[in-house]
Amino acid sequence: MAIRLDYVLKETGSNLVRNLTLTLASLLTVAIALAFVAVSFLIGTGINQSFLGLRSDVQMFVYMNPGATADQIDSVNKSLESNPQVESVKFLDKDKTYAEFKRLFADQPDFVESINPEELPQSFRVKPTSTDADVVSAVGTEFENMTGVYRVEYAEEYARQVQKSLSTLNSWVRLFGVALIFVSVLLIFNTIRTAVFARRREIEVMRLVGASNWFIRLPFMTEGMVQGLLGALAAAGLTWGFDALWKRNFVNQVSFELLNQIKWTGGDLWKAVIMILVVGAVTGAVGSGIAVGRYLRV
Amino acid sequence: MPIPPRASVRSLVKFVEHTGQETVIKLENVSKIYKGEHMALRDATVEIEKGEFVFLVGPSGSGKSTFLRLLNREETAEKGKIYVAGKDIAALPGYKVPYLRRNIGSVFQDFKLLPNKTVAENVAFALEAIGRPKSVIREAVPQILELVGLGRKEGSMPDELSGGEQQRVSIARAFVNRPLILLADEPTGNLDPATSVGIMKLLDRINRTGTTVVMATHDRGIVDTMRRRVIELDRGSVVRDQARGVYE
């Protein structure tokens, strides 16, 4: 049996309008919950991206003698690359080293002036497979005695600690986000259940006159989907506002040393918005289907 | 005359043409047990033919409502077989139950009208719900409202109508799809005697179109006046089945 589209649309529309206060109330709660989901996603992504660099950052620096020959450099490079404990190696030649040096001491031009680029040591930035301090130093000592190596330096312990707590924080934010998705699903589901309960009589009559289960379900499902989508759209607006506020107040503001590191791209914002739209629409539709199911037992 | 189980409608029609009679409802040793102990219906065997008007009588809790609810598979029987239009309805898969119900109109003591729809919308709803096209609905609704005597009330809301008028709307809704069977559970239970007479006249008229009517009732006056077949239930058992019977 074909289900008439105009019937479904008419029912959906009139039910949304008829329960306007309920619709609005649920819309708002859903919007707020979903906005929190999106925001925690953005912050999680931001933390991840800003400290991903740091976390996966060089744990070990192998400095070459200023006068090291190309052969020496090459042999250190080869043995680093073939070492199973080493995940990645990046070589900084004289030009790159000087560029970085200038960047680091940009606020001290006199000091920069006083340095001859030729005197700066070239270096390897090494990322071992493990961040464990013992493993890192074990790898380091292997290279300390190679010809041409000036010295090996390790990332400081405190930096490792910061990374560790940040990654813990990040997991908490993600967990919070997942919990909020769960809360939104329950909220949407509960609202729909109330709406379905209010119309159980209508469902009863439909069953009595021989409406098929899908025929009864469909208007409720589109109604739930529209509600979920509208809530998600409002949440998208809130997220967008949060994004603008965050960018204006924190990102690249020197006064917030940690917060200004947490940033995300426009693509991440879109991802978050699409995610909550999908969560809203799907839970709305599926939640309604389940809520109606209670009254459809044959 | 027994009907071969699971006879298809077509063979049923041939059968009817042959014998001139058609069993539309058949219960074979049907028992319904609620919650594992209470026997709402006890080994009931009943045959009802097309076009019959049957009263189900008996005290409250004797199984009248259960009898009706079993017929449109609101309930399922624990024991025995129930055939409607020759089909073993217990064997119907869930998705086909709505099609069974399209052949069975239902009327209740409390009308079960939708309070936020007009009279015409309430009736149209029954057709919309089974996916009838708009053109059919536009034609059928005024026609049936005329038939039940509510031609001028189509725009009224249910709460603007009297009890008798509300029951007429619910009968219109049950009958608009021209079902094979009309089940009525105490349709006059909430109405005064004079109004009840009007409702009974309407049900009688519907019965004359060939629709089988099964009506559960407590109303002695109605049963005694109409003199139709009476099936009496007592604690779930059929204790009397009498053609042109009386209440007691």
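The chains referred to below are lettered A, B, ... by the order of the sequence lines, with proteins before strands, and numbering in each begins at 1.
Between the side chain of B/Arg102 and the main chain of A/Gly210, a donor-acceptor pair closer than 3.5 Å is present.
Of all the heavy atoms in B/Phe125 and A/Glu202, the pair that sits closest is CZ-CG, 3.9 Å. When all heavy atoms of A/Leu208 and B/Lys112 are compared, the pair lying nearest together is CD1-CD, 4.1 Å. Contact detail for B/Ala129 and A/Ala211: the closest heavy-atom pair is O-CB, 3.1 Å.
For chain A, the nearby part of B/Leu113 is the backbone; its heavy atoms alone come within less than 4.5 Å. Of the atoms belonging to B/Asn72, it is side-chain heavy atoms, and not backbone ones, that fall under 4.5 Å from chain A.
In this structure, A/Phe36 places its CZ atom where only 12 or fewer heavy-atom neighbours from other residues, nucleotides or ligands lie under 6.0 Å away. Heavy atoms from other residues, nucleotides or ligands lying under 6.0 Å from OH of B/Tyr95 number 12 at most. Remark: A/Phe242 CZ is packed, more than 12 non-hydrogen atoms of other residues, nucleotides or ligands lying under 6.0 Å away.
Counting heavy atoms from C-beta on, the side chains of B/Leu127 and A/Val209 never come closer than 4.5 Å. Side chains of A/Met206 and B/Ile130 form no contact here, defined as non-hydrogen atoms less than 4.5 Å apart. Between A/Arg207 and B/Val97 the shortest side-chain heavy-atom distance does not fall below 4.5 Å.
A/Arg201 contributes atom CZ, which lies 5.5 Å from atom CG of B/Asp110 (distance to the nearest 0.5 angstrom).
Comparing B/Pro179, B/Ala126, B/Ala174 by how many heavy-atom pairs each has under 4.5 Å with chain A, the most go to B/Ala126.
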